[in-house]
Amino acid sequence: MTITPLSPDALLTTTRSVRKRLDLTRPVPPDLVRECLEIALQAPSGSNRQGWHWLVVTDPELRAAIGGYYRRSFGAYRTSGGSAGSLFKDDPARAATQRRVSESADYLSERMGDVPVLVLGCIHTPGGLPEGNQAGLWGSLLPAAWSYMLAARARGLGTAWTSLHLAYESEIAELLGIPADVRQGVLIPTAYYTGETFRPAQRQPLDEVLHLDRW
């Protein structure tokens, strides 16, 4: 296994959501996924609880079932006013980007079940979901999921951050035997990617979102 020699800044700015460029035909070695998850376990968690759990799904029938739920959820999302393609239509520059994002999301929704590895990031919630602000709970899982994606990028794997499967969280939990006190937070399709590399995405200027001392 070869780790791509990326600087920290290059790794952080070129880890993109990969959809159309996921190689659906090339198997991903289980040990490579384990290595990425070992990196993920170094992420911070509230009170050092480390309540995360990771389901690595490679069984074709299970992947197909999860893909079916994802596709159904995506269909509802696609027609909602909050979908990527529905946003920023009055801004020509951003609208073009949103169309590309929407097209790639459409592509992934039809092929989620074909991706060689599906990683579900979950967290133990023994008392159920907390009332009110849940930032502390999810902040103990999501940094680790992002670390997994960074580790995958450095090892030649493409990933995408998705959560639309959560519309069918209970059905997927039953499918995979996830206990009632464990909640899902993210579904990360993982595969080798096609092409050579990635470049930083176009983002809003920092000064449009930066606030010093007061809003």
Side-chain angles (χ1 to χ4, degrees), residues 1-4 6 11 14-43 52-75 77-78 84 100-123 141-142 144-169 171-178 182 184-199:
M1 188 278 302
T2 301
I3 297 179
T4 305
L6 295 169
L11 178 63
T14 64
T15 300
R16 308 258 60 88
S17 286
V18 187
R19 303 180 183 95
K20 286 186 175 180
R21 289 175 57 185
L22 292 173
D23 189 337
L24 305 181
T25 64
R26 184 179 175 187
V28 177
D31 286 348
L32 192 56
V33 176
R34 285 185 60 91
E35 190 169 316
C36 296
L37 288 172
E38 290 281 6
I39 299 297
L41 297 189
Q42 293 297 316
W52 42 51
H53 289 270
W54 309 90
L55 273 77
V56 178
V57 183
T58 59
D59 179 273
E61 292 185 4
L62 294 176
R63 287 188 286 119
I66 294 170
Y69 286 124
Y70 186 87
R71 186 166 55 252
R72 288 165 60 184
S73 181
F74 185 86
Y77 160 79
R78 186 71 173 81
R100 290 193 296 272
V101 171
S102 181
E103 289 170 2
S104 67
D106 286 345
Y107 177 90
L108 180 60
S109 74
E110 292 298 322
R111 294 163 179 83
M112 181 67 83
D114 298 324
V115 179
V117 178
L118 300 179
V119 175
L120 282 159
C122 306
I123 194 158
L141 171 66
L142 303 190
W146 177 233
S147 290
Y148 168 81
M149 295 173 69
L150 292 170
R153 164 78 174 100
R155 288 159 176 78
L157 298 174
T159 59
W161 188 285
T162 76
S163 58
L164 288 176
H165 73 290
L166 293 174
Y168 296 96
E169 182 181 9
E171 289 86 349
I172 293 173
E174 183 176 359
L175 175 72
L176 302 178
I178 300 174
V182 173
Q184 302 162 49
V186 62
L187 169 63
I188 307 174
T190 303
Y192 285 102
Y193 59 81
T194 60
E196 295 300 320
T197 188
F198 299 92
R199 62 177 184 268

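Everything quoted here is computed from the prediction, not taken from an experiment. One-based numbering along the sequence shown.
Distance check, rounded to the nearest 0.5 Å: CG of Leu55 to CD1 of Ile66 gives 8.0 Å. To the nearest 0.5 Å, the span separating OG1 on Thr15 from CG on Leu6 amounts to 7.5 Å. For the atom pair Arg19 CZ and Ser109 OG, the distance stands at 10.5 Å (nearest 0.5 Å). Rounded to the nearest 0.5 angstrom, Ser163 OG and Gln184 CD are separated by 11.0 Å. Taken to the nearest 0.5 Å, the CG atom of Leu120 stands 10.0 Å off from the CH2 atom of Trp54.
Under a 3.5 Å cut-off, the side chain of Thr162 and the backbone N or O of Leu187 do form a donor-acceptor pair. For the pair Ser73 (side chain) and Tyr69 (backbone), a donor-acceptor distance under 3.5 Å is absent. At least one donor-acceptor pair under 3.5 Å links the side chain of Arg153 to the backbone N or O of Thr14.
Residues Ala160 and Leu108 approach most closely at CB-CD2, 4.3 Å, considering heavy atoms. Here the closest non-hydrogen pair linking Leu141 and Gly121 is CD2-O, 3.6 Å. Considering every non-hydrogen atom in both Ala40 and Ala144, the closest pair reads CB-O, 3.3 Å.
Counting only heavy atoms from C-beta outward, the side chains of Leu157 and Tyr192 approach each other to under 4.5 Å. At least one side-chain heavy atom of Arg155 sits under 4.5 Å from a side-chain heavy atom of Ile39. Here the side chains of Ser147 and Gln42 are not in contact, with every heavy-atom distance at 4.5 Å or above. By the 4.5 Å heavy-atom criterion applied to side chains, Arg111 and Leu22 are not counted as neighbours. Under the 4.5 Å side-chain criterion, counting only non-hydrogen atoms from C-beta, Pro30 is not in contact with Val56. In this structure the side chain of Leu142 never reaches within 4.5 angstrom of the side chain of Trp52, judged on heavy atoms.
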Check against side chain to side chain contact (heavy atoms under 4.5 Å, CB included), Val28 and Thr58: CA-CA 9 Å; Val28 177; Thr58 59; over 6 Å; no
Residue pair Glu169, Leu166: steps toward the side chain to side chain contact (heavy atoms under 4.5 Å, CB included) verdict: CA-CA 4 Å; Glu169 182 181 9; Leu166 293 174; 4.1 Å; yes
Audit row: Ile178, His53, side chain to side chain contact (heavy atoms under 4.5 Å, CB included) steps and yes/no: CA-CA 10 Å; Ile178 300 174; His53 289 270; over 6 Å; no
Stepwise side chain to side chain contact (heavy atoms under 4.5 Å, CB included) check, Leu24 with Val115: CA-CA 5 Å; Leu24 305 181; Val115 179; 3.9 Å; yes
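Cation-pi check for Arg16 over Tyr193 is not met; the charged atom does not lie both under 6.0 angstrom from the ring centroid and within 45 degrees of its normal.
Taking the six-membered ring where tryptophan is involved, the planes of Phe74 and Tyr70 are essentially parallel, since the angle between them stays under 30° and well short of 60°.
With no hydrogens or angles considered, no side-chain donor-acceptor pair links Tyr148 and Thr159 at under 3.5 Å.
None of Ile172, Val57, Leu118 except one satisfies the side-chain contact (heavy atoms from CB on, under 4.5 Å) rule with Leu62; the exception is Val57.
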